[in-house]
Amino acid sequence: MKCTSDHHITTSLPSVVTFPPPAKFKPQVATTNRSVALLLDAGFGVLRVRIHGRGGQGIKTSGRVLASALFGEGFAVQDAPHFGAERRGAPVVASIRADRSFVRERGRIEHPDAVAWADETLLGALRRKTPLSTSAALRLDPDAFVVVVVAGVDPVPAPVRMKAPEESPEHAFEQASEQASEQASDQTPGQCSREALGRSTGLLSGRGPARTMAATLGVDEARIRILMLPPELHAGIACAVALARLCGVVRWETLLGAIDVELSEAGVGEAARVVAHRTASFAWDALSPDAGVLHSLADPGPSPRRAGIDTRSPDLGGKRWVSVERDDVSVAAPRILASRTSRHNPTGGWGTKHPVLRPERCRRCWWICTVACPDSAISLGGHGMPTIDQTHCKGCMICATQCPNQALVAVDDFASAEGAEGVQGVQGVQGVQRLRGIEREGHV
Amino acid sequence: MIAGSEGSQRSQRSERRLLTGNQAAAWGARLGGVDYVPAFPITPQTEIIEALAAWFDDGSLMGRLTMFESEHSMMTAAGTAAAAGARTFTATSSQGLLYSLEMMYAVAGWRVPFVMVNVSRGLASPITLESDHNDVLAARDTGFLQIHCATAQEVLDAVLIAFRWSEDRRVRLPVIVNQDGFSLSFTREPVDIPNEDAVRAFLPTRGDLDETLSGPSPQSLGVAVLDGSTYSYFRYQMERAAQGALPVLLDIEKEFESMTGRRFLPIDEYRMHDAEMAIVVVGSLGTQAMVAVDEMRAEGVRVGLVRPRVLRPFPRNALALTLGRMRGVAVVDQDLSPGFGGILHGEIAAALYARPEPRPSLTSYIGGLGGRFVSVTEFKRIVDETVVASITGHVPPPRLLFTDEEARSIRMLQQIADDAPQYELGAPFASGLEGDRA
Ligand code: SF4
Ligand code: SF4
């Protein structure tokens, strides 16, 4: 996009190279023949990317890492995390813009150059009956670049790449699966990564995952990268590194510096720093064939999309203003008479614990836990004992602290099943599977 | 107050960092050498007092931060500490500001100087966390002066300026520095942090006050007067002090510019030199409007932006002078007074009424409520409509910005909640661009 600042100086290549400072600007590590100068000369102007994830996944910190890395390379950045419900597990998005002069545009990035998802379960919203403000917001421009991180994959196949549109995505996925099974000879051949993806996203539906994602997101499937991350690595950091790699103007050392600064500001310890560095190395290598791809997009000349955030049109870029008329007060007051919206929002995966009933201890008092639950997730079964709706329990454990008979016990979703020995019905419960299972089952 | 030797070891140069608006506010208080911070947490403001608490804790700041049980007590403590001579800083947002409102009137009437950052957030009901200006505008009649910021840099600058302004004997009123929740409070931007020694020269410590309250010499503030004349005298004095604060700000602003190179005029004008049309907006939507102005300028539209930085005292004359020569003026309010419309629009209209005819066509838009952003394209459409109004002389009724996509979305939400089965998707929102139902 053209730079609209008053301070914008139209520059030829040599003078731009002095910004960022020459001492810091050695693009050979990250960008080989590409540079900030090329980026700007191509009319690229503002770089706009988003990272999506869930509360607790370090998305805000990951956005900060990317922003600090770009800032370290001399760009003015705007780093705007957005976390509506401020709760673990709730969707979070970090929006990062970068330009060589102060970034003036604000608000949601509607036309990102690239998007990274730290949690593929968020894509489940695409298949749901969701308010347009959510589903429309997930749709991207066809030439946007997409990275989907699938965390906790063991062993890890090579990143699933759709090299060229004519190459069948099924084929590419088969290749990846084969690689995975070669790496894991003790597993059923071809099962590992397919299972991981199918279990987690439900997006496979017999076709290539990238093709399905491409259709739902509205992007060219050749621009989708699925990054399978080993369990010990950090999905959010992987997103930040992948995007830094894609824009091709961040050097490896700058990136590591940004990680160290942001992690120390977040107050995390040495172990987390080591994980972040290993994640960075993994994602950096995985995305290396795509390094700088975001400006190669701009090489033929600025696309109409990049010539303005919205092209000027009487219909507000596909939308129209409407006149808000008076509704009947039964509709016009913000009341909630039933939790029907919850059917479409399985918040049960947001917690890290969940309660399990020990029936032999329950005195059937009928009301203490049911009334105490702030999410109305406990109802009474026919036998007078509570039934917990695990698709909506947020794991606050208020019920467990309120029950005078300790009939409700907390089970750590991330602990092994052995840790919950003696408690009925918790075998195999594990946080990630629980979330993914809920996401998969919860909707049409 | 800032801890001892550290300042003198710093270089004279400012330091550029990525800061959120909240961190910028905390840095303003830190550089201002704050002695006392009465506090109460509320989203999206809490990061400010967290940052200050950490600095008091690690010795970067010498002084005291005290948590209160409510904003009402917090405001009382701020007023009394300021009366006792402490350089006082506090911060709040939204419901918290409303809860302290009773004491805001009281402490402003005490004529004590302190600075409060408000992080704007929409008011209940329904509850939200994101920005609009109904909270801070509810305080517009309290006697607090008000500065409204568009960038994190401006937040830091405003806090420093506000201490000087508030403590000036010609003013001696508390000052609110307002920033928008999320779009500034949680958003990191490059910020120049001025050098401490330079700041100390601009803003000396508050040691020279003579009316310090202390235990051994008790005094009463805000006494009962019980007759209209005496009451009127004190209220008129507040009006004189507030109105007279504008020229004082211009003095301070000159010194600030010589320290930082940055201007801080009561109204920020952008590309207004040969403009025929103007957008008026307050706060961080201002930078978004600048993008629209640039894009429309490139298309040959002579449009500019007028962004009041100061809303109290209201820079009436400067606004009337700048806007009075326009053919059309579009006011975008990020607030709504139900039954009246845009609050800023009403104030701009009052300022323009002092001008002789012909006056500009003045259009009104409500946008940005609860964080609903106004896109660059919408700003352009707003200017287009105002151009038409200035040519035809027909000013459309105020528009509540809402798109067909939002309309369908709200109907879908209502249908999911089974609360509006009588409405089809989109109904009965009137489509088209012709303005509200006549
Ligand atoms: S509060 Fe305890 S005893 Fe009462 S119904 Fe719930 S689980 Fe049973
Ligand atoms: S943990 Fe208990 S109280 Fe909390 S949401 Fe779940 S069922 Fe309700």
Side-chain angles (χ1 to χ4, degrees), chain A residues 2 4-6 60 63-64 67-68 71 76-84 86 95 102-108 110 129-134 136 308-328 330-331 333-341 343-344, chain B residues 18 20 43 125-126 129-130 151 182-183 186-190 270-271 284-285 287-288 290-291 294-296 298-299 373-378 380-381 384 399-410 412-414 416-420 422-423 426 428-437:
Chain A
K2 66 179 178 278
T4 49
S5 158
D6 260 359
K60 181 178 153 192
R64 290 175 70 105
S68 284
F71 186 63
V77 298
Q78 182 194 80
D79 162 21
H82 196 273
F83 26 92
E86 291 190 306
S95 300
F102 185 82
V103 178
R104 287 170 167 169
E105 62 173 61
R106 295 186 182 279
R108 183 182 173 81
E110 296 213 24
K129 186 184 177 191
T130 322
L132 289 159
S133 55
T134 309
I309 304 165
D310 301 296
T311 49
R312 184 143 186 242
S313 61
D315 66 351
L316 301 168
K319 301 172 204 167
R320 299 177 75 79
W321 277 337
V322 293
S323 175
V324 180
E325 303 294 335
R326 184 173 60 201
D327 281 344
D328 185 80
S330 64
V331 171
R335 58 181 195 163
I336 297 177
L337 298 181
S339 55
R340 292 185 183 93
T341 315
R343 283 185 206 146
H344 302 272
Chain B
L18 283 182
T20 61
T43 300
S125 291
L129 298 176
E130 293 194 52
T151 63
F182 285 80
S183 58
F186 297 150
T187 298
R188 289 199 307 169
E189 295 177 347
Y270 182 69
R271 303 190 79 163
S284 63
L285 271 180
T287 65
Q288 179 95 329
M290 286 165 124
V291 177
D294 285 340
E295 291 189 12
M296 295 193 84
E299 294 159 10
F373 232 70
V374 182
S375 73
V376 169
T377 319
E378 284 185 307
K380 291 166 149 187
R381 284 289 305 154
D384 286 346
R399 181 182 282 288
L400 313 173
L401 296 182
F402 214 61
T403 64
D404 54 349
E405 186 181 283
E406 291 173 287
R408 279 196 301 276
S409 194
I410 191 80
M412 189 174 278
L413 281 171
Q414 288 171 327
I416 289 170
D418 211 13
D419 214 17
Q422 68 265 49
Y423 295 124
F429 293 94
S431 189
L433 303 164
E434 267 59 67
D436 285 339
R437 190 174 49 180

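In what follows, chains carry the letters A, B, and so on, assigned in the order in which the sequence lines appear, proteins first and then strands, with residues in each chain numbered from 1. Everything quoted here is computed from the prediction, not taken from an experiment.
Screening B:Thr403, B:Asp404, B:Leu400 for a side-chain contact (heavy atoms from CB on, under 4.5 Å) involving A:Trp321 leaves a single residue, B:Thr403.
Heavy atoms of A:Ser95 lying under 4.5 Å from chain B are absent altogether.
Here OG1 of B:Thr20 is found 7.0 Å from CZ of A:Arg64. Values are rounded to the nearest 0.5 Å. Atom OG1 of B:Thr287 sits about 7.0 Å away from atom CD of A:Gln78, to the nearest 0.5 Å. If you take OH on B:Tyr270 and CZ on A:Arg104, they are separated by 4.0 Å, rounding to the nearest 0.5 Å. In this structure, OG in B:Ser183 is found 15.0 Å from CZ in A:Arg108, a value given to the nearest 0.5 Å.
The two residues A:Arg106 and B:Gln288 have their closest heavy-atom pair at N-OE1, 2.6 Å. Nearest heavy atoms, B:Ala407 versus A:Val322: CB-CG2, 4.0 Å. The nearest pair of heavy atoms linking A:Pro81 to B:Phe186 is CD-O, 3.0 Å.
For the pair A:Phe102 and B:Glu189, the minimum side-chain heavy-atom distance is below 4.5 Å. When side chains are defined from C-beta on, A:Val77 does not count as touching B:Arg188, because their heavy atoms never get closer than 4.5 Å.
Without hydrogens or angle criteria, B:Thr187 side chain to A:Ala80 main chain gives no donor-acceptor distance under 3.5 Å.
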